[in-house]
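Remarks on the structure that follows.
From a predicted model like this one, the values you see are computed outputs, not experimental measurements.
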Amino acid sequence: MPYIAIVVAALAIGIEQLLQVQYGVTGVIAFVTLAIGIKAKNSVIGGIGAVILVMLLAQSG
């Protein structure tokens, strides 16, 4: 069980660093907001984070 937590934490840090390099602070804020919304099972907060991420992805493409 602790190995899974370490792998998930490493993956989250990797994704966060990739977002910060690619999309700046806004990408990290959107990712954290989405993660908090999912963890808290709050669809409004998760939706806000998801919308920000989608807007960033649509803007770059």
Straight-line distance of Ile36 CD1 to Ile48 CD1, nearest 0.5 Å: 11.5 Å
Approximate separation, where rounding is to 0.5 Å, of Leu11 CG and Ile15 CD1: 4.0 Å
Verdict with reasoning, Ile52 to Ile29, per side-chain contact (heavy atoms from CB on, under 4.5 Å): CA-CA 9 Å; Ile52 294 171; Ile29 291 171; 5.6 Å; no
Minimal non-hydrogen separation, Gly27 against Leu53, with atom names: O-CD2, 4.0 Å
Partner set under side chain to side chain contact (heavy atoms under 4.5 Å, CB included) for Ile38, not counting sequence neighbours: Leu34
All side chain to side chain contact (heavy atoms under 4.5 Å, CB included) counterparts of Ser43, not counting sequence neighbours: none
Single-linkage hydrophobic cluster Val8~Val32, side-chain heavy atoms < 4.5 angstrom: no
Partner residues of Val51 under the side chain to side chain contact (heavy atoms under 4.5 Å, CB included) criterion, sequence neighbours left out: Met55
